[in-house]
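Read the structure below first, then the notes.
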2 protein chains.
Amino acid sequence: MTTLHDVAQLANVSDSTASRALRGLDIVRPKTRAKIKSAADSLHFELSRSASALASGRTMRVIMLFGSPLNTWFSAACMQGAYEVLAESGYDIVPVILKDATNANEFFNTLLKNKHNIDGIILPSIRLDSHSSEDLSSLKIPTVGLDASFSPVLNASVALDNKSAMRSAVYYLQELGHERIGYVQYPNRNIFFSSAEERGTFFLQAAKEYDFSQASVHVYPAKDYEVNSSLEEPLSQLARRIASSDAAPTALCVENDEAAIILMRQLRLLGVKIPEDISIIGFDDNDNAELMGLTTLKQDPVHMAKIAAQLLKDLMAGNPIERKQTWIQTSLVKRESTSSPRSERTASA
Amino acid sequence: MTTLHDVAQLANVSDSTASRALRGLDIVRPKTRAKIKSAADSLHFELSRSASALASGRTMRVIMLFGSPLNTWFSAACMQGAYEVLAESGYDIVPVILKDATNANEFFNTLLKNKHNIDGIILPSIRLDSHSSEDLSSLKIPTVGLDASFSPVLNASVALDNKSAMRSAVYYLQELGHERIGYVQYPNRNIFFSSAEERGTFFLQAAKEYDFSQASVHVYPAKDYEVNSSLEEPLSQLARRIASSDAAPTALCVENDEAAIILMRQLRLLGVKIPEDISIIGFDDNDNAELMGLTTLKQDPVHMAKIAAQLLKDLMAGNPIERKQTWIQTSLVKRESTSSPRSERTASA
DNA sequence: TTGAAAGCGATACCAA
DNA sequence: TTGGTATCGCTTTCAA
């Protein structure tokens, strides 16, 4: 196994100089550096991560904490985004999944104990309760939240502007002429917080702002179909309920695309025409949304993760960051699942 | 920063004993071990990964090498599968993406240089050419292939039985009464090998086995629509070609679900009824397949990755493995995109 | 700009 | 079953 020492000898310099040259510190004379680099190349040498880490205290290891599997639209996008900015700087981006952590405690204990071993943490969709928060802040390890609103224990955070998103959805529906609108919640299967949970509230707020009467706005809560298994069954029930109601909304905003698409299908099975009878708006713009012609509020988690990763990188380098809280806007992608309501059409016909 | 030494002192033992106890080596008296464990707990202590790695030579770091983004159906599943078996043993599973590596050389050089820093490698969908192969075998680091047929430089591999898969597809189509069948290739956007590439050949073989005449089997090669951007355009062209042909196949096997679904949509836009006019079979059973009612050959990459990871774990532990080559079977999932051909139906009507 | 030497925090060998 | 000690390969003062 070739070591830094071998390289130094071959280049006729001291270990320290070789180390400096290889790491790109600019206190090395160009000539010397070149000599060392070529020695290193000819020996196929690369620094030992563990030795470097041990000596410097920097582990070049960033933890990405998930509450759901990695092969999920959002999680995978986070990994990709973080990878894109962190990998080039030599950071390992290490996924960690919290399984049964109903109590975030176990998790924070683990983190606490890992103190030596982590340079930074990215927390996608994590809710911080006061207890774990203390732990986190005692960590002294840069931590940035992703899809989380800012908390004092976070050094920075990148969050989706769900409020504006809901506002634009409601505005769009009003513009189309809808007078009875609804919001469908999604059961949170993630053990942590997802900012999606706050969308319902913002939807109501927005409806109020745009002068919808309380009676004309209906929220279908997640509790109604809280299941671990398939969404088909509960959403089919919901569809039946909606289809058979007289004063059903003519437009539905659904917490995310996955549920929106299933609901759309279930409604169609009942003979409900979309968008003629009911317009549907999803959230995310995942791969299926385009396929199904679903109008949706598009978010780009890869992009968000890149921003979070860049913030973390700055933090780890000790650089100042511009602002602690970064808000990301969604954009409304209009497709075939929305239109003016039937009444409106008839009237204008 | 608390160290092993602090724990040892608190427990009144030597560093060595503390180390042994904490790592679970069974040459420590239970009483002693307990004492040490509680000392460690009270200090919120965890071993330093870098120090352990440096001293032991084991880095607890496994590289997963990709030729495509992580937020991809297959890649994300590989990560998840590997995570499920490797994480509990304390391994970091670190994704590495090869971007421009048209020449695998750069990549293998990097690997070679990382010798110190890696305990094991999982190679999903990697093609090994003879040049890089030498490099790999000189690595002396356990390497297992995933979705790759066995190569002498791999210590083990897990592969999809594409041959059987194609056979079952052809058999199924024959059973349905199809007499003209076709296979649609997919442009490989991965810089590496995907076993998908061999499916076309196996399809032809299977057709021969089942006595399809050469004239009744058509392969639509990937070259026809080799693009980097969207698949829509080339597949719409292909759809037009098929729709306007007199002796078009009545059943199409498509290299993967993604392409199958797009093709299906393009055909429908042209008025082609599926499955009445043309039956379609995909491959993968990704999330969209069920949504679109696509008959497909289901593979489970999470499962495959778990097997690969287990093999790697055994290899890294120095345990013997049962066999170097593990074949995984696909299963045919029948949905609404396939049926008997129209002629058959008319005949039987 | 370069070199010498003291750690970094564990593991593993050899003794006891 | 436990302890003493050399060692892993690099970074980082401090001096020159």
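Worth saying up front: this structure is predicted, and the values here are computed from it rather than measured. Protein chains get the first letters and strands the later ones, always in sequence-line order, with residue 1 at the start of each.
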Do [X] side-chain atoms and [Y] backbone N/O form a donor-acceptor pair below 3.5 Å?
X	Y	answer
B:Thr59	B:Arg61	yes
A:Asn117	B:Arg49	yes
A:Tyr83	A:Ile93	no
B:Gln80	A:Leu70	yes

For the residue pair B:Leu311 and B:Thr326, establish whether any side-chain heavy-atom pair is separated by less than 4.5 Å.
-> yes
Residue pair B:Ile27 / B:Arg20, side-chain heavy-atom distance below 4.5 Å = yes
Specify the separation, in whole Å, of atom [atom1] of [X] and atom [atom2] of [N].
X	N	atom1	atom2	value
B:Leu43	C:dG9	CG	P	14 Å
B:Leu22	C:dA10	CG	P	9 Å
A:Arg20	C:dG3	CZ	C1'	8 Å
A:Arg29	C:dT2	CZ	C1'	9 Å

Using side chain to side chain contact (heavy atoms under 4.5 Å, CB included) as the criterion, list what pairs up with A:Ala51, not counting sequence neighbours.
-> A:Ser48, B:Leu54
For [X], which contact category applies under a 4.0 Å heavy-atom criterion: base, sugar-phosphate, or nothing?
X	result
B:Arg58	sugar-phosphate
A:Thr32	sugar-phosphate
B:Leu4	base

Between protein and nucleotides 5-8 of chain C, what N or O pairs are separated by less than 3.5 Å?
unit_1 : atom_1 : unit_2  : atom_2 : d
C:dC8  : O2     : A:Ala55 : N      : 3.4

Let me know, please, whether B:Asn12 or A:Leu25 comes out on the 5' side of the other along DNA chain D by nearest nucleotide.
-> B:Asn12
Determine whether the side chains of B:Ser14 and B:Thr17 contain a donor N or O and an acceptor N or O closer than 3.5 Å.
-> yes
Over all heavy atoms of both residues, which pair between B:Met64 and B:Cys78 is shortest? Give the atoms and the distance, please.
-> CE-CB, 3.3 Å
State whether the distance check finds a donor on one side and an acceptor on the other, under 3.5 Å, for side chain B:Arg49 versus base C:dG9.
-> no
Using a heavy-atom cut-off of 4.0 Å to chain B, what are the terminal contacting nucleotides of DNA chain D, in 5' to 3' order?
-> D:dT1 to D:dG9
